[in-house]
Number of protein chains: 2
Amino acid sequence: MQTHCPVHTTINLIDSKWKILILRDILQGPQRFGVLKRSITGVSSKMLSQSLREMEKDGLINRTVFSEMPPHVEYSLSELGNSMRPIIMAMESWGLQYLDKV
Amino acid sequence: MQTHCPVHTTINLIDSKWKILILRDILQGPQRFGVLKRSITGVSSKMLSQSLREMEKDGLINRTVFSEMPPHVEYSLSELGNSMRPIIMAMESWGLQYLDKV
DNA sequence: GTAACTAGTAACTAAAAAGTGCCTAATTTT
DNA sequence: AAAATTAGGCACTTTTTAGTTACTAGTTAC
């Protein structure tokens, strides 16, 4: 493996369980913080916001704030994030087959 | 997300950087411990053997011992492990495109 | 006679990741 | 007037993960 290994490059951006699950959810369309939190079993506010911030920094997602009270924030996929769709789909179809066998 | 989410199922089996890099290497053919260690920059013996043992337990790889001195052990993909090829390939091609842009 | 080779293991320590509880803001609902 | 609502931030503690060093075995090469 070298610094330029493409597989390594990819997993550096989605190296946590949470990020992949976030991606999976936002692939369905823009999602709000609270919705993500309820959807992703076991994630804490802290971990969710930390992951979201990193993914935003990495350019995978966009964060849109609606200046209202109570706050309203939406997370959507960037073009880059959307280009990861095949990875998540590959995981999904693998998982489906696997669950079928077990 | 539920217990049965296929994406979640999948990442539970390859939830670490090391495992994915191990998979990437063994997809090329059976590999010895020492070869993997030298190929995967930064991995320690401990982490490598730990990851390998887990992947073996999960049925992703096979471990073949040649009773010789010095020891000779080969790790190869099981059918299940091989079926993950599309996931790694998806990561690889994503990474290639990404590296191209950056 | 000792060093090198391979594929690890065990014990201990350090570092990173994650959990917990408490706090905020402006408006609506009870 | 108090409570709920939303999207987190902050400080502190626990848990998990990973690094470090030393050790093993049987044979060959020096």
* With heavy atoms under 4.0 Å as the rule, sort A/Lys46 into base, sugar-phosphate or nothing. => base
* NA contact type, B/Tyr75, heavy-atom cut-off 4.0 Å: base, sugar-phosphate, or nothing? -> sugar-phosphate
* Structure fact -> Residue pair A/Pro70/B/Gly34 against DNA chain C: nearer the 5' end by closest nucleotide is B/Gly34
* Using atom CH2 of B/Trp18 as one end and atom C1' of D/dG19 as the other, report the distance to the nearest whole Å. => 11 Å
* To do: Please determine which of B/Arg63, B/Glu56, B/Gln31 meets the side chain to side chain donor-acceptor pair (under 3.5 Å) test together with B/Tyr75.
  => B/Arg63
* To do: Measure from CZ on A/Phe66 to C1' on D/dT5 and round the result to the nearest Å.
  => 17 Å
* Asked: Rounded to whole angstrom units, what separation is found between the CG atom of B/Leu48 and the P atom of D/dT17?
  -> 17 Å
* Provide, to the nearest angstrom, the distance between the NZ atom belonging to A/Lys17 and the C1' atom belonging to C/dA16. => 16 Å
* Drop me the distance from A/Glu74's CD to A/His72's NE2, to the nearest 0.5 angstrom. => 4.0 Å
* Please walk me through it: do B/Asn62 and B/Ser78 pass side chain to side chain donor-acceptor pair (under 3.5 Å)? -> CA-CA 6 Å; B/Asn62 300 126; B/Ser78 67; 5.2 Å; no
* When the distance from CD of B/Gln50 to P of D/dG19 is rounded to whole Å, what number comes out? -> 10 Å
* **Gap separating the CD1 atom of B/Ile88 from the CD1 atom of B/Ile20, nearest 0.5 angstrom** => 6.0 Å
* Could you give the CZ-to-C1' distance, from B/Phe33 to C/dT6, as a whole number of Å? -> 9 Å
* Could you state the atom-to-atom distance from NE2 of B/His72 to C1' of D/dA25 in whole Å? => 17 Å
* Asked: Which residue, A/Pro71 or A/Ser16, contacts DNA chain C at a nucleotide closer to its 5' end, judged by nearest heavy atom?
  -> A/Ser16
* Find the distance A/Ile61:CD1 to D/dA7:P and express it as a whole number of Å. => 14 Å
* Asked: Do B/Ser76 side-chain atoms and B/Pro30 backbone N/O form a donor-acceptor pair below 3.5 Å?
  -> no
* With respect to the side chain of B/Ser49, which nucleotide from D/dG8, D/dT20, C/dG8 is positioned closest? -> C/dG8
* Watson-Crick or G-U wobble mate for C/dT30, both contacts under 3.5 Å -> D/dA1
* Structure fact -> Winner on side-chain proximity to A/Met47, out of C/dA7, D/dA7, C/dA18, is C/dA18
* **A/Arg53 or B/Met69, whichever maps to the more 5' nucleotide of DNA chain D** => A/Arg53
* To do: Compare the minimum distances between each of C/dT20, D/dT6, C/dT6 and the side chain of A/Arg32, then state the nucleotide with the smallest one.
  => D/dT6
